[in-house]
Each structure stands twice: as C-alpha cells, then as structure tokens.
2 protein chains.
Amino acid sequence: MDTKERILKTALELYNSQGVNTITSRHIAAKMGISPGNLHYHFKHTDEIIKTLYDRLSADFDRIVASVEALEEVDLHMIRSSVTTSLELGYKYRFIFLHFVEIGLRIPAVKKDYAALTQRREKEFLSVFEKLKANGVFRADLPEEVLKAFVTQIFIVGDFWLSNNELTLKLKGSKAIAHYSDIFSSMFYPYLTPAAMQLAKGNQ
Amino acid sequence: MDTKERILKTALELYNSQGVNTITSRHIAAKMGISPGNLHYHFKHTDEIIKTLYDRLSADFDRIVASVEALEEVDLHMIRSSVTTSLELGYKYRFIFLHFVEIGLRIPAVKKDYAALTQRREKEFLSVFEKLKANGVFRADLPEEVLKAFVTQIFIVGDFWLSNNELTLKLKGSKAIAHYSDIFSSMFYPYLTPAAMQLAKGNQ
DNA sequence: TTAAATTTAGAACAAATGTACTAATTATTT
DNA sequence: AAATAATTAGTACATTTGTTCTAAATTTAA
C-alpha cells in the first residue's frame with residue numbers, strides 16, 4: 001500500500017476514534033511513523049484528507065441507492081437489507097457524521113455537495129415510496145406532505161444516529177448497527193398497510 | 001447587566017453565528033470591548049461559559065416538559081404548542097445542537113448530564129403516549145417496540161433538526177422553526193387513530 | 001551507470017490559543 | 001477618609017498547529 005493510501009487509512013482510524021478536531025496532521029504522521037513533511041508532500045492541506053474520505057463515502061452511498069433504484073419491485077426485505085448496508089457504511093466513516101456540521105463549515109465543498117445530494121435523494125426516496133404504495137406495502141391514505149416529512153425524518157435519523165449513539169448508549173460496531181437498524185425498521189411500521197404489517201411482524 | 005452576564009450573552013451570539021470551534025475567549029472579549037484578562041477573571045476556563053449556557057438550556061427544557069406532564073388530558077393541540085416552544089428554545093441555543101458531539105467530547109459533564117436526561121425523558125414520553133392512547137388519539141395496534149423507537153426518533157430529530165437545516169435549507173429564525181414544526185407534526189400523523197387524523201387535518 | 005524525478009525526514013516559522021501574572025483602577029466597606 | 005476587596009487592562013508565556021523549506025535518500029528512467 002502506498003503512502004497516500006496509508007495516510008487515508010490512518011486518518012480514518014484516528015478521526016473515528018478521537019474526533020476530527022483533536023487529531024492534527026502531526027498526530028497522523030506520528031501514528032504512521034512518517035514525518036510531517038512527508039504527510040504534507042502527499043496532502044498539501046489537511047482538509048484534503050477529509051475531503052477525500054468524504055468523497056469515498058459519498059460514492060459508496062451512491063452505489064447503494066443506485067442498486068435499490070434499479071429494482072423493478074421494492075419490498076420490505078430489500079429496504080431492510082439496504083438500510084443495514086447503509087448503516088454499516090456510515091459506521092465505517094462515522095467521524096464524518098459525528099462532526100458533520102464542523103466539517104461542512106471547514107470545507108465548504110462538502111456542504112455544497114451534501115446540499116445538492118439531499119435534493120436528488122428526496123426525489124429518489126419519494127419515488128421508492130410510490131412504488132411501495134403501488135405494491136400495497138405503504139398505506140394510501142397519507143397526505144403527500146406527511147410522506148415528504150417522512151423523507152426528512154429518514155435523512156435526519158440517517159445522518160445523526162451515530163451522534164445520538166455517541167451521546168447516549170455508546171454502542172460499538174455491530175451492536176450499534178443492529179440497534180439502529182431496528183429503529184429504522186420500526187420507523188416504517190406505522191406507514192404500512194395492515195397486510196404489510198403482518199408480514200413485517202413475522203420477519204422481526 | 002453585569003460583566004458575567006454580558007460575557008454569556010456575547011458568547012451565545014458568537015457561538016450561534018460562527019460556531020463553537022472558531023470562536024475563542026479572545027474573540028468574545030474583543031467583541032465586548034474588554035480585555036482577555038477580564039474575561040478570564042469571570043470564567044477561569046472557557047469551557048465554563050459553554051457549560052453555563054448548556055445548564056440554562058437544560059433547565060428551560062425541564063420547565064417545558066414539566067408543564068406538559070402536569071396536564072390531566074394531553075391532546076394534539078398541547079403537543080403542537082409545546083413542540084413549537086421547544087424548537088424556539090433550541091433555536092435560541094442552537095450552537096449547542098450544531099456542535100453537540102464536540103461539546104460532549106470537550107466537556108464530559110455535558111455528555112454525562114445529557115445521557116442521564118435522555119433516560120428520564122424516555123419514560124416521560126412513553127407515559128404521555130399512553131395517555132394519548134387512552135384518549136383515543138394514538139392508535140392502539142402498535143407494538144411497544146415501535147413506540148419506543150418513535151421516542152428515539154423524536155430525540156434524534158429534536159436534537160439534530162438544526163444540523164439538518166444548517167446542511168441543507170439554511171432557514172433562519174421563525175422560518176426554520178415553522179418548517180420543522182410542520183415536520184414534527186407530520187411525524188405524529190401515522191400514529192394517530194382515524195378520528196384524530198381527521199382532527200389534525202382540520203387544524204393544519 | 002548516470003541523471004533525473006520522487007519521496008522522505010527534520011527543522012523552522014508564523015499565527016493562534018488558553019491562561020497566568022502584574023499592576024492599575026474602581027467600588028465597597030468601615 | 002482610609003482600608004479592603006473586586007474588577008479590569010495589558011502583557012507575557014508555553015503549547016500547538018498548519019505549513020514551508022532544505023537537504024538527504026531512494027526510486028525510476030535513459
């Protein structure tokens with residue numbers, strides 16, 4: 001593995017475990033056993049490290065969403081499994097979510113990118129919900145406004161479940177993912193038709 | 001107003017507008033036109049300023065929750081109005097929510113306090129939900145687990161709607177509060193009985 | 001094998017930060 | 001009015017941080 005890749009790996013580890021504000025370029029270099037000069041040869045500015053990691057997270061998420069969108073039929077199983085995959089990815093890059101606002105302030109490109117992404121995602125989610133309605137999975141008696149609000153809820157919980165965990169339960173790894181997967185699944189429950197509710201109960 | 005109070009007021013302003021990481025004790029002193037030495041006479045450590053502001057927020061929230069708990073009958077109106085009051089309070093101290101994880105890391109007392117508070121609040125919310133069930137406002141066919149998950153959702157959205165706003169819409173003041181009040185109200189919608197849903201539609 | 005390019009170490013710099021210290025000023029008490 | 005206490009300004013210090021610079025070492029190309 002080349003130095004650049006090792007820097008990214010070490011930075012991710014340190015940011016995840018100690019936070020983005022306490023870790024400096026010197027810490028990363030020290031942990032790797034290289035000089036600060038060397039680190040700054042590969043990344044002129046420390047923020048470039050963070051930006052690169054954010055871009056990778058973003059690209060990985062795109063792949064997950066694309067795989068759901070490609071499906072003809074969307075059912076609860078698919079949703080549950082892609083929720084878990086998303087949470088796993090989030091956990092891998094958890095420092096970004098734990099310090100989202102700070103990073104957004106520090107690196108405007110991240111904020112811009114995320115704001116644009118949100119708008120795209122909202123449409124994608126609403127169209128998935130329409131499919132679920134058509135398949136008799138989602139209730140048909142909910143106003144458009146309520147579904148839109150549900151999308152925002154999903155975004156907020158999706159972006160900040162890690163912060164909530166950090167401030168309360170402090171679950172680690174797969175335990176955190178399992179717990180918040182359950183919460184995500186429960187979020188959908190009241191939106192289901194009675195038939196879909198029965199199905200969901202069985203699979204829990 | 002004495003100097004200590006002016007420090008808190010100025011700090012709140014600066015933290016809210018520029019973030020907790022960019023603002024230092026020197027900035028606060030400069031904005032007030034006092035010396036750094038004077039500021040540190042009143043607050044030996046900068047973190048004491050943040051802790052004091054957090055304590056005030058926490059106390060104000062306690063009063064809101066207590067006023068809801070004191071009610072014999074809880075209905076949707078009351079919920080909506082205390083949601084709005086809560087959001088207004090959150091907006092006033094928004095820097096805390098925008099930097100919750102950082103502040104929790106920097107000031108362990110805040111984290112401890114918040115973790116304990118969450119546990120108390122969970123019980124309080126669940127008992128309010130029971131009242132709503134008894135009054136025919138909430139559906140009775142939802143599993144206990146789903147209601148517990150709903151409480152967590154409310155906490156996450158309640159703590160991070162400001163972060164979501166910062167990263168996406170960037171609404172200011174009453175516009176932000178109005179928008180996220182609607183989202184909060186919509187969150188409750190799928191949990192309502194058909195009768196309560198009718199009522200809610202009318203009042204929107 | 002020699003020349004050129006890349007990578008690395010280590011020192012150095014300027015700016016910023018939290019906070020301590022000293023002395024002066026102002027307010028309060030006796 | 002004198003003495004004491006509280007408040008304030010201003011300076012100073014040690015530490016940290018991002019980054020730059022220089023020179024050495026290593027790798028690659030000719």
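Just so it is clear: chains get the letters A, B, ... in the order the sequence lines come, proteins before strands, and each one is counted from 1.
Enclosure of atom NZ in B:K148 is not indicated, since only 12 or fewer non-hydrogen atoms of other residues, nucleotides or ligands lie within 6.0 angstrom.
Whole-Å rounding puts the A:D2 CG to D:dT26 C1' distance at 16 Å. Remark: C1' of D:dT17 and CD1 of A:I49 are 14 Å apart, rounded to the nearest angstrom. Rounded to a whole Å, the CD1 atom of B:I50 is 14 Å from the C1' atom of C:dT17. A:N21 places its CG atom 16 Å from the P atom of D:dT16, with the value rounded to the nearest Å. A:M32 places its CE atom 14 Å from the P atom of C:dG10, with the value rounded to the nearest Å.
The closest side-chain heavy-atom distance from B:E145 to A:D182 is not below 4.5 Å. A heavy-atom distance below 4.5 Å is not found between the side chains of B:V137 and B:Y191.
Near-neighbour residues of DNA chain C inside residues 33-48 of chain A, defined by a heavy atom below 4.0 Å, number-ordered: A:G33, A:I34, A:S35, A:G37, A:N38, A:Y41, A:H42.
B:N164 and B:Y180 form a side-chain donor-acceptor contact under 3.5 Å, judged by distance and modelled atom types alone.
OP1 or OP2 of D:dT7 has not a single side-chain nitrogen or oxygen of B:T3 nearer than 4.0 Å. A sub-4.0 Å separation between OP1 or OP2 of D:dT17 and a side-chain N or O of A:S25 is absent. The phosphate of C:dA16 has neither OP1 nor OP2 within less than 4.0 Å of any side-chain N or O from B:T24.
B:H179 places no side-chain N or O within donor-acceptor distance of the main-chain N or O of B:S174, the cut-off being under 3.5 Å. Although no hydrogens or angles enter the test, the distance criterion places a donor-acceptor pair under 3.5 Å between the side chain of A:N165 and the main chain of A:K170.
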